[in-house]
Amino acid sequence: MDYRLLGCSGTVVSAQTLGTMTFGKEADEATSFDIMTAFVEGGGNFFDTADVYTGGTSEEIIGRWLAEHPTEAEQVVLATKGRARTGDGPNDIGISHRHLRTALEKSLRRLGVEHVDLYQMHAWDALTPVEETLRFLDDAISAGKISYYGFSNYLGWQLTKAVHIAHAHGWARPVTLQPQYNLLVRDIEHEIVPAVQDAGMGLLPWSPLAGGWLTGKYKRDQEPTGATRLGENPQRGMEAWQKRNDDERTWRTIDEVRAIADAHGASLSQVALAWAAAQPAVTSVILGARTVEQLRDNMAAADLQLSEDELRRLDEVSAPQMDDYPYGPAGIKQRRRPLTKES
């Protein structure tokens, strides 16, 4: 397992993060315990959860595991999130001071800890002034309830605005951003990745396997069935089968991943995860697993080193299709200039 700094902080985390959205739903408590134990035994030290994962059950399961494994718990870097709706009241949602104060206290109780290392805003809140949110987070750091804070699912301008407001007030700055990022979803490279790099923050990609598409388990023109996320619901959200099946880029990318996997004697998942870990600004790639076997296969990606040629091939075949301006060739050319006329 490789280790990296948590964004612009001094805390060291494993280059793979244990995502726990499956806990209490797709993985029962006993299986979740086994997954956490296997992750730590494999060198992982970074857990990621949220207050709304399985209605708070994910945090509760993690809390019970931490209590039963006090030695291992001392080494775990713990991250959770607040923002989503947690009740029926008008203030049971958002990143206002009022909601975050309540949400954080409830998360701490469910986790059985006095503080979390990374507290993340689960999404932007257009109704709450940025200053209000950042002041709460700075106070939470001063109170010892969180060590750092970050964002999830923010756009580039939203992140940059928050960074500059924090700097202007002398408040603690964010250290990470958690976006969706994988070989099939690369649009964040146009605005969001540059914003993260400009701020010196780290990326924590979620859904690095594109909801299972990059494992190779889905077949062209064969609507999935059975005990998989799309088998149970082929039109499931952003991962919907029909849209991706109709996109030739999906199958070109999967074919290239398979070719590289075959050359290494690796799984498709390992190749996709190794690509994600190799991208600029990435601190740690979030792994989600229903079983210990899935987790171990994914963790083996840490030992897979892709060559520059293999990374280039994956970049080229999965390149997002954009109009010429502002994100296509003309826009890219406009944003760059040579040092000299000759160069």
Side-chain angles (χ1 to χ4, degrees), residues 19 21 123 152-156 177-194 203-264 266-282 285-288 290 294 297-298 301 304 306 309-332:
M21 191 167 64
S152 181
N153 305 312
Y154 272 43
L155 299 177
L177 176 72
Q178 187 176 138
Q180 181 179 198
Y181 191 29
N182 56 62
L183 279 164
L184 298 183
V185 182
R186 293 180 53 194
D187 288 355
I188 71 166
E189 294 173 8
H190 299 298
E191 292 279 357
I192 297 173
V193 172
L203 282 171
L204 306 175
W206 61 263
S207 194
L209 298 178
W213 280 88
L214 294 171
T215 68
K217 63 183 176 182
Y218 301 127
K219 308 300 180 185
R220 186 194 296 261
D221 299 330
Q222 296 179 26
E223 185 168 317
T225 59
T228 65
R229 291 181 181 178
L230 289 188
E232 296 164 353
N233 179 13
Q235 302 310 315
R236 184 181 188 272
M238 292 176 285
E239 303 157 8
W241 178 82
Q242 192 65 58
K243 180 179 179 181
R244 283 186 174 168
N245 178 69
D246 292 344
D247 187 351
E248 186 61 29
R249 172 175 167 266
T250 297
W251 302 110
R252 289 198 307 267
T253 300
I254 292 173
D255 287 345
E256 191 64 52
V257 172
R258 180 177 288 106
I260 293 172
D262 290 345
H264 284 273
S267 69
L268 276 71
S269 299
Q270 291 163 7
V271 172
L273 293 169
W275 176 88
Q279 299 312 297
V282 169
V285 179
I286 300 174
L287 310 180
R290 297 185 180 194
Q294 285 181 343
D297 179 79
N298 290 348
L304 177 60
L306 300 179
D309 179 66
E310 289 168 334
L311 290 170
R312 177 190 57 77
R313 287 159 52 192
L314 291 170
D315 285 344
E316 290 179 354
V317 75
S318 67
Q321 301 301 308
M322 305 299 295
D323 290 335
D324 195 50
Y325 190 87
Y327 298 123
I332 293 173

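Everything numeric here is computed off the predicted structure, so don't read it as measured data. Atom set for the values below is all heavy atoms of this structure, side chains included, hydrogens, waters and symmetry mates excluded.
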Less than 4.0 Å between a side-chain N and a carboxylate O, is that true for E316 and R252?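 No.
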Is R244 salt-bridged to D247, going by a charged N under 4.0 Å from an acidic O?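 No, no charged N to carboxylate O under 4.0 Å.
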Determine whether a donor-acceptor pair (N or O, by modelled atom type, separation under 3.5 Å) exists between the side chain of [X] and the backbone of [Y].
X	Y	result
E223	D221	no
S152	Q178	yes
N182	L209	no
R249	L184	yes

For the atom pair [atom1] ([X]) and [atom2] ([Y]), what is the distance rounded to the nearest 0.5 Å?
X	Y	atom1	atom2	value
L268	K217	CG	NZ	12.0 Å
I188	L203	CD1	CG	5.5 Å
I254	W213	CD1	CH2	6.5 Å
Q270	T215	CD	OG1	12.0 Å
L287	S269	CG	OG	10.0 Å
I192	D187	CD1	CG	8.5 Å

Residues at least two apart in sequence or cross-chain that pass ring pair (Phe, Tyr, Trp, His ring centres under 6.0 Å) with Y181, listed by chain then number, are W275
Can you name the closest pair of heavy atoms from [X] and [Y] and give their distance?
X	Y	answer
L273	A301	CB-CB, 3.7 Å
P194	H190	CG-O, 3.7 Å
P208	A276	CB-CB, 4.5 Å
W251	K219	CH2-C, 3.4 Å
D297	S267	OD2-OG, 3.0 Å

Residues that R313 engages under side-chain contact (heavy atoms from CB on, under 4.5 Å), provided they are two or more places apart: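 Partners of R313 under the side-chain contact (heavy atoms from CB on, under 4.5 Å) test: E256, A259, I260, D309, E310.
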Could you check if a side-chain atom of P205 sits within less than 4.5 angstrom of a side-chain atom of Q279, using non-hydrogen atoms only? no
